[in-house]
Amino acid sequence: MSALSPIDRDAHKLGLQNYRQARQALFDQRSDYGAAVQNFAWPKLTHFNWALDHFDELAKDNQAPALWVIGDDGQHQKVSFEQMRQRSNQVAHWLRSLGVKRGERVLLMLGNEVALWELMLACMKIGAVMIPATSLLTRDDLIDRIERGEIRHVATHSTQCSKFEGLMQGLTGIVTDRAIEGWQPIALSQSCSTEYLPDTPTLVDEPLLLYFTSGTTSKPKLVQHTHQSYPVGHLSTMYWLGLKPGDVHWNISSPGWGKHAWSCFFAPWIAGACVFIFNYARFDGKRVLDTLVANGVTSLCAPPTVWRMLIQENLADFAVKLRELISAGEPLNPEVIEQVRAAWGITIRDGFGQTETTCVIGNSPGQRLKYGSMGRPMPGYEVVLLNAQDEPAQEGEICLRLDPRPAGLMPGYANAPEKNAEVMRDGFYRTGDVAQRDGDGYITYVGRADDVFKASDYRISPFELESVLIEHPAVAEAAVVPSPDPLKLAVPKAFVSLAPGVEANEATALAILQFCREKLAPYKRIRRIEFATLPKTISGKIRRVELRNAENSRAFPVSPLANEYFDDSLKEG
């Protein structure tokens, strides 16, 4: 850091010391939630480059595995921390030789391949801004991202290059597996130096990442993160996951979304754990469980859909070496948690955060869990639930106090001053999610603020009703929205995607509705059910806004559509 003045050099040194102390304190207090929250303080930094200042220091001469990728064909790729340090340095030199400059934006449309991690570290080292993207993007998606993201460089796999035909004018194309005409193969980087020294120090508020959110109600927004908000902010995620140096951590997630950066990049490598990947072509519960056992995975993070598929196997038959089990995305059903605990003696822990943040709320290791609860605020976050009058309440929108501002919160949406003013007003960041807090401080998710509705003057949480619906074996997925009613103004209606082999008929509708009656209070009862394919965003989130709009456009009197059944007209056998 020769470009720093003596004063800045001292501040940088002190900042690194504070970062390492904060990390160590979370290790030391991993099972003492109260002490961790009370004692934690976000490290104050002026200059910081996580790839250079943290990762490279951790990786130097470290032969422990940093990344372990298993292909669908059973082939293993293991990369040590030292190898990853050297390879990312080579890629950093090579990117600079291609003309990639500090602040320029690089689209990373890659799968779980080693080159993705090399490129992420290399971009960080040279100060380039990464825009992770899923390979599911269409051509129209890419046109939008290239234009609004102001992309200058693209890195992808050869199988994706055809999507960019006619779009690469003025852009640098990088391909990660084989030579393609007009594209630069990353293999050329292997002739570059394995040591890298930056010529310019990195300020913590420089942009690092841009994420296009999935847009369940509107066009995707650009979430911007800096060299502080994710690299430093994910100290909270590391604490929630409960990771330790030497762990083998498997997060079942696809690249291109924030959760992948959470648990396949920052949190494990902050801890010094190995990132484990199994690139199966098609999900198979037994193969996943066999892979856990054979490779000694110690920490597993998976979405609820995966957990529900895993319990279809006899878990007790698999002698796993797991210590931590984590779920994210939505609360798990108690039945799933109990089946896993009965088989392995481990309780699945839940958490909450957004692309805009790191882990905000979670059940950290060693703490008492409450069914359905996301846990309590993570160290460094002050969570306030604000009601419709913007007053603190036991139920309300999940908000983050901005004074002091948590390091893990984005600085804002790129090129969206009005949206930033809306979500960052009156001293709080508004998440748009509603939750309840009990007397012990545990927070339970209710739903998106836009999705909660009233029926007969009762507030209805679609999320709660959907959680009951998916417990029924006939239901694969469900979405609940208000349906117009002349007497009650609105009644809960469920759009249901059925499990394979289940027929969409009156008998199935009756069975599902009877099941829900037993599980739900009368005022929450689902009054209508329609079997349908659910509209989704590219990331797989259900677009309830489409379903709500369709229901709102129905004329009175409301009569059943094809594949729609009304509770009060079904005949019980």
Side-chain angles (χ1 to χ4, degrees), residues 26-27 30-31 33 68 70 234 236-253 259-260 262-264 267-268 270-271 273-278 280 283-353 358-376 378 442-445 467 470-471:
L26 292 178
F27 282 146
R30 68 184 305 275
S31 296
Y33 171 81
W68 184 355
I70 301 178
H234 277 301
S236 74
T237 309
M238 181 198 76
Y239 183 75
W240 166 55
L241 296 174
L243 293 175
K244 299 178 179 180
D247 272 342
V248 178
H249 177 66
W250 184 6
N251 170 48
I252 299 180
S253 177
K259 185 63 173 67
H260 192 273
W262 278 41
S263 296
C264 291
I270 288 173
C274 173
V275 174
F276 182 87
I277 300 291
F278 174 29
Y280 50 77
F283 184 88
D284 181 311
K286 186 177 184 304
R287 283 190 77 195
V288 168
L289 292 165
D290 284 337
T291 301
L292 284 170
V293 173
N295 301 289
V297 174
T298 59
S299 174
L300 176 65
C301 182
T305 50
V306 168
W307 287 113
R308 293 187 192 109
M309 288 188 281
L310 289 180
I311 63 169
Q312 304 305 312
E313 306 292 331
N314 186 1
L315 298 182
D317 291 344
F318 298 88
V320 296
K321 298 177 183 176
L322 291 161
R323 187 189 71 248
E324 307 295 345
L325 299 179
I326 304 101
S327 180
E330 62 185 64
L332 270 177
N333 313 106
E335 291 85 351
V336 177
I337 296 172
E338 278 304 320
Q339 285 191 48
V340 173
R341 182 157 54 190
W344 293 341
I346 311 171
T347 302
I348 301 172
R349 297 183 288 103
D350 201 359
F352 168 84
T358 61
C359 186
V360 171
I361 300 165
N363 289 294
S364 54
Q367 305 309 302
R368 179 167 67 97
L369 273 68
K370 295 188 178 185
Y371 283 136
S373 169
M374 302 183 294
R376 293 176 287 181
M378 288 291 94
Y442 284 77
I443 298 172
T444 299
Y445 188 74
S467 296
I470 60 177
E471 290 181 24

* Structure fact -> All heavy atoms of Ser263 vs all of Pro268, minimum pair found to be O-CG, 3.1 Å

* Heavy-atom side-chain proximity of Val320 to Trp344 below 4.5 angstrom -> yes

* Can you tell if the side chain of Phe283 reaches within under 4.5 Å of the side chain of Leu310, non-hydrogen atoms only? -> yes

* For Ile311 and Val340, run side-chain contact (heavy atoms from CB on, under 4.5 Å): C-alpha distance rounded to whole Å, both residues' side-chain angles, the deciding distance at 0.1 Å, then the answer. => CA-CA 7 Å; Ile311 63 169; Val340 173; 3.9 Å; yes

* Structure fact -> Taking every heavy atom of Phe276 against every heavy atom of Thr291, the minimum-distance pair comes out as CZ-CG2, 3.6 Å

* Asked: How many angstroms lie between atom CG of Asp247 and atom CE of Met238, to the nearest 0.5 angstrom?
  -> 11.0 Å

* **Any Val288 side-chain heavy atom under 4.5 Å of Trp250 side chain** => yes

* Asked: Going by heavy atoms in the side chains, are Phe352 and Cys359 under 4.5 Å from each other?
  -> no

* Rounded to the nearest 0.5 Å, what's the gap from CG on Asp290 to CD on Glu313? Could you check? => 8.5 Å

* 4.5 Å side-chain heavy-atom contact, Trp262 and Ser253 -> no

* Pairwise side-chain contact, Leu241 with His249, heavy-atom cut-off 4.5 Å (strictly under) -> yes

* **cation_pi(Arg287, Tyr280) dist<6.0 Å, angle<=45** => no

* To do: Please round to the nearest 0.5 Å and tell me the distance separating atom CD1 of Ile337 and atom OG1 of Thr347.
  => 8.0 Å

* Where do Val297 and Lys321 land on the side-chain contact (heavy atoms from CB on, under 4.5 Å) test, with the steps shown first? -> CA-CA 6 Å; Val297 174; Lys321 298 177 183 176; over 6 Å; no

* To do: Examine distances only and state if a side-chain atom of Arg349 and a backbone atom of Asn363 form a donor-acceptor pair shorter than 3.5 Å.
  => yes

* Structure fact -> Separation between CH2 (Trp240) and OG (Ser364), nearest 0.5 Å, reads 11.5 Å

* Asked: Which value, rounded to the nearest 0.5 Å, describes the distance between Met374 atom CE and Leu369 atom CG?
  -> 13.0 Å

* May I have the step-by-step check of side-chain contact (heavy atoms from CB on, under 4.5 Å) for Asn295 and Phe278, ending in yes or no? => CA-CA 10 Å; Asn295 301 289; Phe278 174 29; over 6 Å; no

* Asked: Which heavy atom of Ser31 sits nearest a heavy atom of Gln367, and at what distance?
  -> O-NE2, 2.9 Å

* To do: Run the numbers on Thr298 and Arg323 for side-chain hydrogen bond (donor to acceptor under 3.5 Å, both in side chains), then give the verdict.
  => CA-CA 5 Å; Thr298 59; Arg323 187 189 71 248; 4.8 Å; no

* To do: Return the minimal non-hydrogen interatomic distance between Thr444 and Gly372, and the atom names on each side.
  => CG2-O, 3.5 Å

* Structure fact -> Here the gap from Ser299 atom OG to Ile326 atom CD1, rounded to the nearest 0.5 Å, amounts to 4.0 Å

* Heavy-atom closest pair, residues Val336 and Arg308 -> CG2-CG, 4.1 Å

* **Side chain proximity check, Leu243 to Arg30, heavy atoms < 4.5 angstrom** => no

* **Non-hydrogen atoms of Thr237 and His234 that approach each other most closely** => OG1-ND1, 2.7 Å

* Student check: side-chain heavy atoms of Ile70 and Ile277 closer than 4.5 Å -> no

* From CA spacing to verdict: side-chain contact (heavy atoms from CB on, under 4.5 Å), Arg376, Ile443 -> CA-CA 6 Å; Arg376 293 176 287 181; Ile443 298 172; over 6 Å; no

